[in-house]
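What follows is a set of notes on a single structure, which appears directly below.
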Amino acid sequence: LSLGCAALLAPEKMPFKRYVEIGRVALINYGPEFGKLVVITDVIDQNRALVDFPEQERRVVNFKRLALTDFKVDIKRHAPKKDLKKALAEADVLAKFKASSWGQKLAKQVAKSEMTDFDRFKAAVAKAKKSRAVRKVFNNLKKSAK
Amino acid sequence: MAKPAKFIARGITAEGRAKTYKRKGLWAIKKKNGGKFPTHPKKVVPARAEGRAPRFYPADDVPKPLAHKAVHKPTQLRASITPGTVLILLAGRFKGKRVIFLSQLPSGLLLVTGPFKLNGVPARRVNAAYVIATSTKVALPKLDLTPFTDKYFQGEEEKRSKKGESEFFTAADAKKKELSQKYIENQKTLDAAILPALSTDLKGYLSTRFTLKDGDRPHLMKF
(Lines give C-alpha, C1' and ligand atoms only; values in the text may rest on other atoms or scores of the structure.)
Protein backbone atom coordinates (compact mmCIF):
# COMPACT_ATOMS: atom_id res chain seq x y z
CA LEU A 1 0.00 0.00 0.00
CA SER A 2 1.63 3.19 -1.13
CA LEU A 3 1.34 6.29 1.02
CA GLY A 4 -0.55 8.07 -1.74
CA CYS A 5 -3.36 5.47 -1.63
CA ALA A 6 -3.79 5.78 2.12
CA ALA A 7 -3.97 9.57 1.84
CA LEU A 8 -6.79 9.31 -0.68
CA LEU A 9 -8.79 7.07 1.64
CA ALA A 10 -8.40 9.41 4.62
CA PRO A 11 -11.74 10.18 6.30
CA GLU A 12 -11.42 13.91 5.55
CA LYS A 13 -11.18 13.17 1.84
CA MET A 14 -14.20 10.82 1.71
CA PRO A 15 -17.54 12.29 0.64
CA PHE A 16 -19.28 9.82 2.96
CA LYS A 17 -19.78 10.71 6.58
CA ARG A 18 -22.06 7.91 7.74
CA TYR A 19 -20.88 4.33 7.31
CA VAL A 20 -22.58 1.00 7.64
CA GLU A 21 -20.85 -0.52 10.63
CA ILE A 22 -21.73 -2.48 13.71
CA GLY A 23 -23.45 -0.15 16.10
CA ARG A 24 -24.64 2.32 13.44
CA VAL A 25 -28.10 3.63 14.28
CA ALA A 26 -30.40 3.64 11.27
CA LEU A 27 -33.98 4.56 10.49
CA ILE A 28 -36.25 2.25 8.50
CA ASN A 29 -37.64 4.49 5.78
CA TYR A 30 -39.78 2.07 3.78
CA GLY A 31 -42.39 -0.57 4.37
CA PRO A 32 -44.62 -1.52 7.31
CA GLU A 33 -41.90 -0.62 9.84
CA PHE A 34 -41.48 2.90 8.52
CA GLY A 35 -40.08 5.32 11.08
CA LYS A 36 -38.52 2.79 13.43
CA LEU A 37 -34.97 3.27 14.72
CA VAL A 38 -32.70 0.23 14.66
CA VAL A 39 -29.07 -0.59 15.38
CA ILE A 40 -26.97 -2.61 12.92
CA THR A 41 -25.56 -5.60 14.80
CA ASP A 42 -24.16 -7.51 11.83
CA VAL A 43 -23.71 -7.26 8.08
CA ILE A 44 -24.91 -10.40 6.28
CA ASP A 45 -23.89 -9.63 2.73
CA GLN A 46 -23.70 -6.64 0.46
CA ASN A 47 -27.45 -6.11 0.62
CA ARG A 48 -28.62 -7.07 4.07
CA ALA A 49 -27.94 -6.27 7.68
CA LEU A 50 -28.98 -7.85 10.92
CA VAL A 51 -30.67 -5.16 12.99
CA ASP A 52 -31.82 -5.00 16.56
CA PHE A 53 -33.36 -2.58 19.02
CA PRO A 54 -34.84 -2.80 22.50
CA GLU A 55 -38.52 -3.89 22.41
CA GLN A 56 -38.04 -5.15 18.83
CA GLU A 57 -37.21 -8.56 17.42
CA ARG A 58 -33.75 -9.03 15.97
CA ARG A 59 -34.23 -9.34 12.23
CA VAL A 60 -32.79 -8.96 8.75
CA VAL A 61 -33.37 -5.74 6.85
CA ASN A 62 -32.20 -4.76 3.39
CA PHE A 63 -29.94 -1.70 3.24
CA LYS A 64 -32.32 -0.20 0.73
CA ARG A 65 -34.83 0.18 3.56
CA LEU A 66 -32.36 1.82 5.90
CA ALA A 67 -31.36 5.44 6.21
CA LEU A 68 -28.19 5.83 8.27
CA THR A 69 -28.14 8.40 11.05
CA ASP A 70 -25.22 10.29 12.58
CA PHE A 71 -25.33 8.14 15.67
CA LYS A 72 -23.24 5.12 16.50
CA VAL A 73 -23.04 2.99 19.61
CA ASP A 74 -20.13 0.93 20.80
CA ILE A 75 -21.27 -2.68 20.68
CA LYS A 76 -19.79 -6.00 19.63
CA ARG A 77 -21.07 -8.02 16.68
CA HIS A 78 -24.32 -9.84 17.63
CA ALA A 79 -24.46 -7.96 20.90
CA PRO A 80 -27.11 -9.37 23.25
CA LYS A 81 -30.16 -7.21 23.98
CA LYS A 82 -28.92 -6.34 27.45
CA ASP A 83 -25.64 -4.88 26.15
CA LEU A 84 -27.48 -3.10 23.36
CA LYS A 85 -29.88 -1.49 25.83
CA LYS A 86 -27.01 -0.39 28.02
CA ALA A 87 -25.04 1.10 25.13
CA LEU A 88 -28.05 2.97 23.80
CA ALA A 89 -28.92 4.34 27.24
CA GLU A 90 -25.35 5.54 27.77
CA ALA A 91 -25.18 7.29 24.44
CA ASP A 92 -28.76 8.53 24.95
CA VAL A 93 -29.36 7.92 21.26
CA LEU A 94 -33.16 8.16 21.32
CA ALA A 95 -33.25 11.58 22.96
CA LYS A 96 -30.43 12.89 20.78
CA PHE A 97 -32.15 11.73 17.62
CA LYS A 98 -35.45 13.30 18.67
CA ALA A 99 -33.61 16.57 19.34
CA SER A 100 -31.86 16.52 15.96
CA SER A 101 -33.42 18.41 13.07
CA TRP A 102 -34.15 15.08 11.35
CA GLY A 103 -35.95 13.83 14.44
CA GLN A 104 -37.88 17.06 14.79
CA LYS A 105 -38.98 16.98 11.16
CA LEU A 106 -40.14 13.38 11.60
CA ALA A 107 -42.11 14.32 14.71
CA LYS A 108 -43.76 17.20 12.86
CA GLN A 109 -44.78 14.88 10.00
CA VAL A 110 -46.27 12.39 12.44
CA ALA A 111 -48.13 15.12 14.35
CA LYS A 112 -49.56 16.53 11.10
CA SER A 113 -50.80 13.15 9.95
CA GLU A 114 -52.50 12.57 13.31
CA MET A 115 -54.37 15.90 13.29
CA THR A 116 -58.11 15.55 13.60
CA ASP A 117 -60.62 17.65 11.69
CA PHE A 118 -61.00 19.97 14.68
CA ASP A 119 -57.21 20.37 14.94
CA ARG A 120 -57.01 21.22 11.26
CA PHE A 121 -59.71 23.85 11.73
CA LYS A 122 -57.87 25.43 14.69
CA ALA A 123 -54.61 25.42 12.72
CA ALA A 124 -56.29 27.14 9.77
CA VAL A 125 -57.78 29.79 12.04
CA ALA A 126 -54.41 30.43 13.71
CA LYS A 127 -52.67 30.62 10.33
CA ALA A 128 -55.18 33.16 9.03
CA LYS A 129 -54.87 35.24 12.21
CA LYS A 130 -51.07 35.27 11.98
CA SER A 131 -50.98 36.20 8.30
CA ARG A 132 -53.48 38.99 8.94
CA ALA A 133 -51.23 40.42 11.64
CA VAL A 134 -48.17 40.17 9.39
CA ARG A 135 -50.06 41.69 6.49
CA LYS A 136 -51.16 44.60 8.67
CA VAL A 137 -47.61 45.45 9.74
CA PHE A 138 -46.34 45.03 6.20
CA ASN A 139 -48.97 47.36 4.79
CA ASN A 140 -48.17 49.97 7.41
CA LEU A 141 -44.50 49.77 6.56
CA LYS A 142 -45.30 50.02 2.88
CA LYS A 143 -47.42 53.09 3.48
CA SER A 144 -44.77 54.82 5.57
CA ALA A 145 -42.07 53.99 3.01
CA LYS A 146 -43.88 55.84 0.22
CA MET B 1 -82.61 -22.02 27.57
CA ALA B 2 -80.45 -25.11 26.99
CA LYS B 3 -76.70 -24.69 26.47
CA PRO B 4 -75.68 -24.56 22.78
CA ALA B 5 -74.14 -27.62 21.07
CA LYS B 6 -70.37 -27.86 20.62
CA PHE B 7 -69.08 -28.91 17.20
CA ILE B 8 -65.86 -30.76 16.31
CA ALA B 9 -66.26 -29.98 12.63
CA ARG B 10 -69.17 -28.91 10.48
CA GLY B 11 -72.04 -31.26 11.12
CA ILE B 12 -70.21 -33.30 13.76
CA THR B 13 -71.28 -32.59 17.32
CA ALA B 14 -69.03 -33.23 20.26
CA GLU B 15 -71.77 -35.12 22.05
CA GLY B 16 -73.72 -38.19 21.07
CA ARG B 17 -77.46 -38.73 21.35
CA ALA B 18 -77.56 -39.58 25.03
CA LYS B 19 -75.49 -36.60 26.13
CA THR B 20 -77.39 -34.23 23.84
CA TYR B 21 -80.67 -35.49 25.33
CA LYS B 22 -79.34 -34.74 28.79
CA ARG B 23 -77.94 -31.36 27.89
CA LYS B 24 -81.13 -30.16 26.19
CA GLY B 25 -83.05 -31.03 29.31
CA LEU B 26 -85.63 -33.16 27.51
CA TRP B 27 -85.81 -35.34 30.62
CA ALA B 28 -87.02 -32.30 32.58
CA ILE B 29 -89.81 -31.66 30.07
CA LYS B 30 -90.87 -35.30 30.33
CA LYS B 31 -90.77 -35.18 34.10
CA LYS B 32 -92.97 -32.08 34.13
CA ASN B 33 -95.50 -33.83 31.88
CA GLY B 34 -95.74 -37.08 33.85
CA GLY B 35 -93.24 -39.27 32.00
CA LYS B 36 -94.23 -38.39 28.41
CA PHE B 37 -93.61 -35.54 26.02
CA PRO B 38 -96.45 -32.99 26.03
CA THR B 39 -98.67 -33.34 22.97
CA HIS B 40 -101.19 -30.89 21.67
CA PRO B 41 -104.39 -32.14 20.09
CA LYS B 42 -104.47 -31.68 16.35
CA LYS B 43 -106.58 -28.76 15.22
CA VAL B 44 -109.79 -30.11 13.72
CA VAL B 45 -111.08 -28.12 10.75
CA PRO B 46 -114.87 -28.51 10.69
CA ALA B 47 -116.07 -30.13 7.48
CA ARG B 48 -118.45 -28.09 5.45
CA ALA B 49 -122.14 -29.01 5.90
CA GLU B 50 -123.23 -31.68 3.43
CA GLY B 51 -124.97 -30.57 0.25
CA ARG B 52 -123.61 -26.95 0.30
CA ALA B 53 -121.55 -25.87 -2.67
CA PRO B 54 -118.68 -23.40 -2.00
CA ARG B 55 -119.62 -19.76 -2.52
CA PHE B 56 -116.68 -18.89 -4.71
CA TYR B 57 -114.48 -20.67 -7.22
CA PRO B 58 -111.43 -18.65 -8.35
CA ALA B 59 -111.17 -18.30 -12.13
CA ASP B 60 -107.37 -18.63 -12.25
CA ASP B 61 -104.91 -20.18 -9.95
CA VAL B 62 -103.81 -17.23 -7.89
CA PRO B 63 -100.32 -17.77 -6.51
CA LYS B 64 -100.15 -17.19 -2.80
CA PRO B 65 -97.86 -14.28 -1.95
CA LEU B 66 -94.90 -15.12 0.25
CA ALA B 67 -95.23 -14.26 3.90
CA HIS B 68 -93.21 -11.24 5.06
CA LYS B 69 -92.00 -12.16 8.49
CA ALA B 70 -88.80 -10.09 8.53
CA VAL B 71 -88.44 -7.83 11.55
CA HIS B 72 -86.69 -4.58 10.76
CA LYS B 73 -84.13 -3.60 13.33
CA PRO B 74 -82.60 -0.14 13.52
CA THR B 75 -79.25 0.24 11.72
CA GLN B 76 -76.33 -0.87 13.82
CA LEU B 77 -74.45 2.26 14.85
CA ARG B 78 -70.72 2.55 14.30
CA ALA B 79 -68.72 2.55 17.53
CA SER B 80 -67.34 5.98 16.59
CA ILE B 81 -70.81 7.58 16.81
CA THR B 82 -71.79 8.35 20.41
CA PRO B 83 -74.02 11.11 21.80
CA GLY B 84 -72.07 14.36 21.54
CA THR B 85 -69.94 13.34 18.56
CA VAL B 86 -69.42 16.00 15.92
CA LEU B 87 -70.49 14.60 12.55
CA ILE B 88 -69.81 15.92 9.05
CA LEU B 89 -72.86 15.63 6.79
CA LEU B 90 -71.92 14.45 3.34
CA ALA B 91 -75.12 14.71 1.37
CA GLY B 92 -78.31 16.68 1.13
CA ARG B 93 -79.08 20.31 1.71
CA PHE B 94 -76.62 20.60 4.58
CA LYS B 95 -73.68 18.83 3.02
CA GLY B 96 -70.37 19.83 4.55
CA LYS B 97 -71.99 21.07 7.74
CA ARG B 98 -70.61 19.95 11.07
CA VAL B 99 -73.38 18.94 13.45
CA ILE B 100 -73.77 17.36 16.87
CA PHE B 101 -75.16 13.84 17.17
CA LEU B 102 -77.86 13.49 19.82
CA SER B 103 -79.31 10.01 19.58
CA GLN B 104 -80.41 7.24 17.26
CA LEU B 105 -84.14 7.05 16.60
CA PRO B 106 -86.05 3.75 16.45
CA SER B 107 -86.17 4.03 12.65
CA GLY B 108 -82.36 3.80 12.64
CA LEU B 109 -81.78 7.38 11.53
CA LEU B 110 -79.58 9.69 13.56
CA LEU B 111 -81.05 12.68 15.38
CA VAL B 112 -78.70 15.64 14.96
CA THR B 113 -78.77 19.36 15.56
CA GLY B 114 -76.51 22.19 14.27
CA PRO B 115 -77.14 23.80 16.75
CA PHE B 116 -79.45 25.87 14.59
CA LYS B 117 -78.02 29.15 15.86
CA LEU B 118 -74.51 28.26 14.68
CA ASN B 119 -75.01 26.70 11.28
CA GLY B 120 -78.68 26.66 10.39
CA VAL B 121 -79.11 22.93 10.79
CA PRO B 122 -82.26 22.28 12.85
CA ALA B 123 -83.02 19.18 14.86
CA ARG B 124 -83.05 16.76 11.98
CA ARG B 125 -82.90 13.12 11.04
CA VAL B 126 -79.86 11.99 9.08
CA ASN B 127 -78.77 8.67 7.64
CA ALA B 128 -75.63 7.29 9.27
CA ALA B 129 -74.30 6.16 5.89
CA TYR B 130 -73.97 9.75 4.69
CA VAL B 131 -71.98 10.99 7.62
CA ILE B 132 -68.34 11.14 8.71
CA ALA B 133 -67.91 10.71 12.44
CA THR B 134 -65.08 12.91 13.73
CA SER B 135 -63.21 12.08 16.88
CA THR B 136 -64.32 15.38 18.43
CA LYS B 137 -66.85 14.82 21.20
CA VAL B 138 -68.96 17.38 23.06
CA ALA B 139 -69.84 16.73 26.69
CA LEU B 140 -73.60 17.06 26.34
CA PRO B 141 -75.72 18.01 29.34
CA LYS B 142 -78.84 16.02 30.09
CA LEU B 143 -81.22 16.74 27.22
CA ASP B 144 -84.94 16.18 26.88
CA LEU B 145 -85.21 14.48 23.50
CA THR B 146 -88.76 13.14 24.02
CA PRO B 147 -90.43 15.58 21.57
CA PHE B 148 -88.12 14.38 18.78
CA THR B 149 -89.61 11.15 17.49
CA ASP B 150 -89.79 9.74 13.97
CA LYS B 151 -93.40 10.86 13.71
CA TYR B 152 -92.44 14.44 14.67
CA PHE B 153 -90.25 14.68 11.58
CA GLN B 154 -92.58 12.94 9.19
CA GLY B 155 -94.96 15.88 9.00
CA GLU B 156 -98.71 15.78 8.78
CA GLU B 157 -100.30 14.31 5.69
CA GLU B 158 -102.68 16.71 4.00
CA LYS B 159 -106.13 15.37 3.48
CA ARG B 160 -106.49 14.65 -0.22
CA SER B 161 -109.75 15.86 -1.60
CA LYS B 162 -111.19 14.53 -4.82
CA LYS B 163 -109.45 16.50 -7.58
CA GLY B 164 -111.67 18.45 -9.81
CA GLU B 165 -110.62 20.49 -12.87
CA SER B 166 -110.76 23.77 -10.97
CA GLU B 167 -108.28 22.64 -8.35
CA PHE B 168 -105.50 22.32 -10.87
CA PHE B 169 -105.66 25.97 -11.77
CA THR B 170 -106.18 27.84 -8.53
CA ALA B 171 -102.70 29.00 -7.64
CA ALA B 172 -104.09 31.19 -4.93
CA ASP B 173 -105.03 28.12 -2.95
CA ALA B 174 -101.42 27.03 -2.70
CA LYS B 175 -100.44 27.99 0.84
CA LYS B 176 -96.86 28.50 1.92
CA LYS B 177 -96.18 25.91 4.59
CA GLU B 178 -95.76 27.78 7.85
CA LEU B 179 -93.42 26.23 10.35
CA SER B 180 -95.49 25.37 13.39
CA GLN B 181 -94.65 27.19 16.58
CA LYS B 182 -93.82 24.00 18.41
CA TYR B 183 -90.89 23.25 16.07
CA ILE B 184 -89.39 26.65 16.77
CA GLU B 185 -89.98 26.25 20.50
CA ASN B 186 -88.40 22.81 20.64
CA GLN B 187 -85.38 24.00 18.68
CA LYS B 188 -84.90 26.98 20.99
CA THR B 189 -84.98 24.87 24.17
CA LEU B 190 -82.63 22.31 22.62
CA ASP B 191 -80.11 24.95 21.55
CA ALA B 192 -80.33 26.77 24.88
CA ALA B 193 -79.35 23.52 26.59
CA ILE B 194 -76.48 22.66 24.24
CA LEU B 195 -74.82 26.03 23.49
CA PRO B 196 -73.36 26.60 27.00
CA ALA B 197 -71.50 23.30 26.71
CA LEU B 198 -69.57 24.49 23.65
CA SER B 199 -66.25 26.32 23.77
CA THR B 200 -65.60 29.32 21.52
CA ASP B 201 -63.33 27.19 19.31
CA LEU B 202 -66.04 24.56 18.96
CA LYS B 203 -68.64 27.19 18.11
CA GLY B 204 -66.42 28.47 15.30
CA TYR B 205 -65.78 24.89 14.21
CA LEU B 206 -69.48 24.08 13.98
CA SER B 207 -70.19 27.32 12.14
CA THR B 208 -67.87 26.45 9.26
CA ARG B 209 -68.42 23.94 6.51
CA PHE B 210 -66.03 21.11 5.78
CA THR B 211 -64.44 21.39 2.33
CA LEU B 212 -61.77 19.54 0.41
CA LYS B 213 -58.96 21.77 -0.73
CA ASP B 214 -56.01 21.29 -3.04
CA GLY B 215 -53.62 18.80 -1.55
CA ASP B 216 -56.21 17.18 0.74
CA ARG B 217 -56.12 13.39 0.64
CA PRO B 218 -59.29 12.22 2.40
CA HIS B 219 -58.12 8.62 2.54
CA LEU B 220 -55.09 9.75 4.57
CA MET B 221 -56.90 12.28 6.71
CA LYS B 222 -57.73 11.47 10.25
CA PHE B 223 -61.14 12.76 11.31
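We name chains A, B, ... by the order of the sequence lines, and we start the count at 1 in each one.
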Calculate, to the nearest 0.5 Å, the distance between atoms OG and CE belonging to B:Ser135 and A:Met115 respectively.
12.5 Å
Mind checking the CZ-CG spacing from B:Phe223 to A:Asp119? Nearest 0.5 Å is all I need.
12.5 Å
Is atom [atom1] of [X] surrounded by more than 12 heavy atoms (other residues, nucleotides or ligands) closer than 6.0 Å?
| X | atom1 | result |
| --- | --- | --- |
| A:Lys17 | NZ | yes |
| A:Asp74 | CG | no |
| A:Phe16 | CZ | no |
| A:Lys36 | NZ | yes |
| A:Lys86 | NZ | no |

Student check: side-chain heavy atoms of A:Asp117 and B:Ile88 closer than 4.5 Å:
yes
Between A:Phe121 and B:Thr208, is any pair of side-chain heavy atoms under 4.5 Å apart?
yes
Ring-face cation contact, B:Phe210 with A:Arg120, 6.0 Å cut, 45° max
no
Between B:Arg98 and A:Phe118, is there a donor-acceptor pair closer than 3.5 Å when you use the side chain of the first and the backbone of the second?
no
